[in-house]
Amino acid sequence: MVVGRLGFAGLLVVVLLGQQTAQTANILAVFSYSLGSSYVLVRPYIQQLVARGHRVTMISAPVSYMPDIEGVQHIRVAKLKELTEDLELFDFEAAIPTKWYEASFVADYFYNCSKLILEDPGVRSLLHNASAQFSMVVLGVAHTDALYGFAKHYNASLVGLAPFGGAWNIDFLAGNSAPSVYEPMSAMGFTAGLSLFEKWMNLIFISEERLVERFIYLPRQLELYKRHFAADSGSFHEMRRKFSLILLNQHFSLGRVRSNVPNLLEVGGMHLAQQPDPLSAELQGFLDGATDGAIYFSMASDMLEKWYPHDFHETMLTVFGQLKQRVVWSTKRRESEIKSNNVYMRRKQPQREILHHPNVKLFITQGGLLSIIEASYYAVPMLMMPVYFDQHKNAERMERLGIARSLNLHELTPEVVLEGIQEMLHNASYALNAKELALRFSDQPMKPMQTAIWWTEYVLRHKGADHMRINEQDMSLMQYYSVDLFSVLFGRIGLTALIVGFLAYTVVTIALRSAHYQFKLSVPVVS
Ligand SMILES: *[C@@H]1O[C@H](CO)[C@@H](O)[C@H](O)[C@H]1NC(C)=O
Ligand SMILES: *[C@@H]1O[C@H](CO)[C@@H](O)[C@H](O)[C@H]1NC(C)=O
Ligand SMILES: *[C@@H]1O[C@H](CO)[C@@H](O)[C@H](O)[C@H]1NC(C)=O
Ligand SMILES: *[C@@H]1O[C@H](CO)[C@@H](O)[C@H](O)[C@H]1NC(C)=O
C-alpha cells in the first residue's frame, strides 16, 4: 500500500518533470531593430519565455529599450546602434519624393541590419559552436529575410513578430491568401479601400510594393543568406514559406478587421504585460492637483521632430498658456522654455501611468501604434497629428472609432490647435466612445501576452505545427491567387457572351435558313 502510494507519487513527479522537460526549449531570438520602440514589444515576450523555463539566447542592438534580462544569454551587436545614427543623419524630407529612392534607402538599411548581425563576432562564434542547439528562432518578421537562415541552420521552427501589425508581405509569409487590397502597407496607401476606385488604387500600390520587394529588397538579402548559410536561392524561398507562427501587434477591436489564417495571431496589447514605469512623486502631485483635468502631450520620437513645422513648439506653448488644464509634455526641449506654470516638461515620461491617471482627459499624439493601443486600453481620447508611415492610417482608424480627431501637421495655427483641444475636452462623445472601446479591447478570453505565449509553446509542442499552415503545395495557383473568383466574374461575362453569341448564331442561322427556304421556295415559283 505504502509502496503503491510512493510509486504513484514517484510516477506523478516523473510525469510532471517529463512534461516540464518536453515543454521547455532552447530558443534563439534575433532582433535587428536599431530603433528602440519595437523592443517595447519584444522585451516582455522574452521575459515571459524565460519565466516559463525556456533557455533564451538573444541577439539584439545595445539600446536602452532592451536592458539585459536575467537568465537570457545576450549577444549584443554594437554596430547596430551606429545604424540608428546613420538614420538620424539622413535627410528624410529631401530624399523621400520618389518611392524608388525611398525603397533603395530602406533596402540599404535592412541589408545593413542583416549584414551587421551576420558579421558580428559574437554571432559568428555562436554559429560555429557545434554544441549550440535551438528548436525555435524568433525574429522580427519582415525585411531582414537573410536572418531566416538561422532557422535553417538549426533546423528550428520560425516565429515572427510584426510590430506594425499585418500587411500584404506578411500575409505572403504566413500563407494568408486573403486579399490585402483593403489594407496596403506604407505611408501613401492609407485609404480604407472602401470604394472600387480606392481598391484599385490600393491594388496598384501593392503591385508597386511587390516589385520593390522583388527587385530591391530581396536580392540583397538573398546574397547575404547564400554567403552566410552556404545555401542556395531555392532554400531561401523555401524558408520564406516556413513561418510556424506570426504574432501581429494589432487587434480587431481597435478598428482593423481582417481575415487571418490560424498561424497569424493578433496579440495587440501584449506589451501591456510589462510592469509600467511609475509616476514620480512630483508628477503624481502635478496630476493629482489638476482639478480642471490634464492633457498628456507626446510626439514620441526625437528623430521625428525634424518633420514638424519650425514654429511647432511655439504654437503648442502659446496654446497651452491659454488653457486651464494642466499639461504633461514629453520633449527633449529644456524646461527653461516654459512660460506658464501649468506645463510639466520632461524628456521621458512614464506614458502608461500618465494615461492611467483619472485626471488625464486627452492625449495629443502623432499616433504611433503602441501609443494608440495604450490610449485605447486606458480609455483616453486623442488629438492626433500624424507624421509618417502607419500613423496616418492609425489616425484615420481612431477617428472612425469616434475617439479621436486629427489635425494636419502643416496647417497648425494656435487657433486650430486650441479649437481642436476644446472640442475634444467638451464634446462628451469622445470619452464615452473611448470607454466602450476600452471595454471591448479588454474583453478577450486570454490576455494578449498569454495568447502569444500559449501559441508559441503550441508550436514547440507540435514541432513547428506545420498543420496550422495552409498547404500551398496542395493548392492550385488559381486558388491561391483567388483566381477562382476572377473566373466566376469572367465566367459570368463569358457565359453572357456565350448566350448572346448562341442567340445571335441561332437568329442568323434561322434567318439564313428561312432565306434559303424562301430561296428554295421562290425558285420553283420563279421558274
Ligand atoms: C549601409 O552601410 C553602408 C556601408 O557601411 C553605408 O555607406 C550606408 O550609409 C548604410 N546605409 C544605411 C541606410 O544605413
Ligand atoms: C558553445 O555552446 C555551449 C552550449 O550552449 C556553451 O556551453 C559553450 O560555452 C559554447 N562555447 C563557446 C566557445 O562559446
Ligand atoms: C528537422 O526537424 C524536423 C522536425 O522537428 C525533423 O522531423 C527532421 O528530421 C529534422 N531534420 C534534420 C536534418 O535534423
Ligand atoms: C461631438 O462629436 C461627434 C463626433 O465627431 C459629432 O458627431 C457631434 O455632433 C459632436 N457634438 C457636439 C455637441 O458638437
Side-chain angles (χ1 to χ4, degrees), residues 22 25-28 32-35 61 77-92 94-96 100-120 130 132-137 143-144 146 148-159 216-217 220-221 223-224 229-231 235 238-239 242-245 255 303 361-362 381-384 395-407 419-437 458-469:
N26 292 345
I27 298 176
L28 177 64
S32 63
Y33 308 131
S34 63
L35 296 172
V77 180
K79 287 190 174 152
L80 277 177
K81 212 169 170 206
E82 291 162 27
L83 260 188
T84 316
E85 285 147 25
D86 279 0
L87 213 57
E88 284 192 37
L89 288 177
F90 186 72
D91 184 359
F92 280 96
I96 267 182
W100 297 91
Y101 188 94
E102 181 194 356
S104 76
F105 175 79
V106 174
D108 257 8
Y109 172 75
F110 286 118
Y111 174 81
N112 288 355
C113 290
S114 296
K115 183 166 176 280
L116 291 177
I117 284 187
L118 291 170
E119 289 178 356
D120 182 77
Q133 303 272 334
F134 298 101
S135 44
M136 176 178 280
V137 171
H143 299 311
T144 47
Y148 304 164
F150 283 107
K152 179 182 176 295
H153 184 86
Y154 294 112
N155 189 29
S157 321
L158 199 50
V159 171
I216 301 184
Y217 288 5
R220 313 202 60 197
Q221 295 288 329
E223 177 214 313
L224 285 172
F229 297 104
S235 90
E238 205 180 291
M239 289 316 292
K242 269 268 190 280
F243 273 95
S244 297
L245 181 66
M303 214 180 82
K361 305 294 181 206
L362 178 64
M382 285 170 278
L383 185 62
M384 309 186 72
E396 190 194 86
R397 231 175 253 139
M398 295 298 113
E399 276 190 283
R400 248 187 292 136
L401 289 173
I403 71 163
R405 270 186 62 179
S406 73
L407 299 179
E419 196 270 332
I421 291 178
Q422 300 293 12
E423 157 77 8
M424 293 303 299
L425 290 175
H426 295 125
N427 183 335
S429 79
Y430 299 105
L432 281 175
N433 291 337
K435 283 215 175 64
E436 269 181 33
L437 178 64
Y458 179 90
V459 168
L460 285 171
R461 282 197 294 277
H462 300 284
K463 306 199 167 26
D466 282 346
H467 60 273
M468 266 216 289
R469 271 193 80 100

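As the structure lists them, so they are numbered: ligands from 1, and atoms in each ligand from 1. The figures here come from the full heavy-atom set of this structure, side chains too, leaving out hydrogens, waters and symmetry mates. Since the model is a prediction, treat every value here as computed from it, not as a measurement.
Proximity of a side-chain donor or acceptor of Gln422 to a complementary backbone N or O of Asn427 within less than 3.5 Å is not detected. With Gln221 contributing its side chain and Ala146 its backbone, the two residues share a donor-acceptor pair below 3.5 Å.
In this structure, Ser429 is part of the shell of residues with a heavy atom less than 4.0 angstrom from ligand 4.
The shortest N or O to N or O distance between Lys463 and ligand 3 is not under 3.5 Å. Taking any N or O of Tyr109, backbone or side chain, none lies under 3.5 Å from an N or O belonging to ligand 1.
Protein heavy atom at the shortest distance from atom 9 (O) of ligand 4 is Asn427 ND2, 4.8 Å. Looking at atom 13 (C) of ligand 3, its nearest protein heavy atom turns out to be Asn155 ND2, 4.3 Å. In this structure, the protein non-hydrogen atom closest to atom 5 (O) of ligand 4 is Tyr430 OH, 3.1 Å.
A distance below 6.0 Å separates the ring centres of Tyr148 and Phe243.
Contacts of Asn26 classified as side-chain contact (heavy atoms from CB on, under 4.5 Å), with partners at least two apart in sequence or in another chain: Arg55, Gln133, Phe134.
A salt bridge does not link Lys115 to Glu223: none of the charged nitrogens lies less than 4.0 Å from a carboxylate oxygen.
Residue contact check: Leu83 has heavy atoms under 4.0 Å from atoms 14 (O) of ligand 1. Shown in contact with Phe105 at under 4.0 Å from a heavy atom are these atoms of ligand 1, numbered in order with element: 13 (C). Every atom of ligand 1 is numbered from 1 in the order shown, and the set under 4.0 Å from a heavy atom of Asn112 is 1 (C), 2 (O), 3 (C), 8 (C), 10 (C), 11 (N), 12 (C), 14 (O).
If you take CE on Met239 and NZ on Lys152, they are separated by 8.0 Å, rounding to the nearest 0.5 Å. For the atom pair CG (Leu116) and OG1 (Thr144), the distance works out to 12.0 Å, reported to the nearest 0.5 Å.
For atom 11 (N) of ligand 3, a protein non-hydrogen atom is found at a distance below 4.0 Å. Note that atom 7 (O) of ligand 4 has no protein non-hydrogen atoms nearby, at separations under 4.0 angstrom. Distance check for atom 3 (C) of ligand 3: a protein heavy atom is found below 4.0 Å.
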### Message
Between Tyr33 and Leu80, does the side chain to side chain contact (heavy atoms under 4.5 Å, CB included) criterion hold? Intermediate values first, please.
### Response
CA-CA 8 Å; Tyr33 308 131; Leu80 277 177; over 6 Å; no
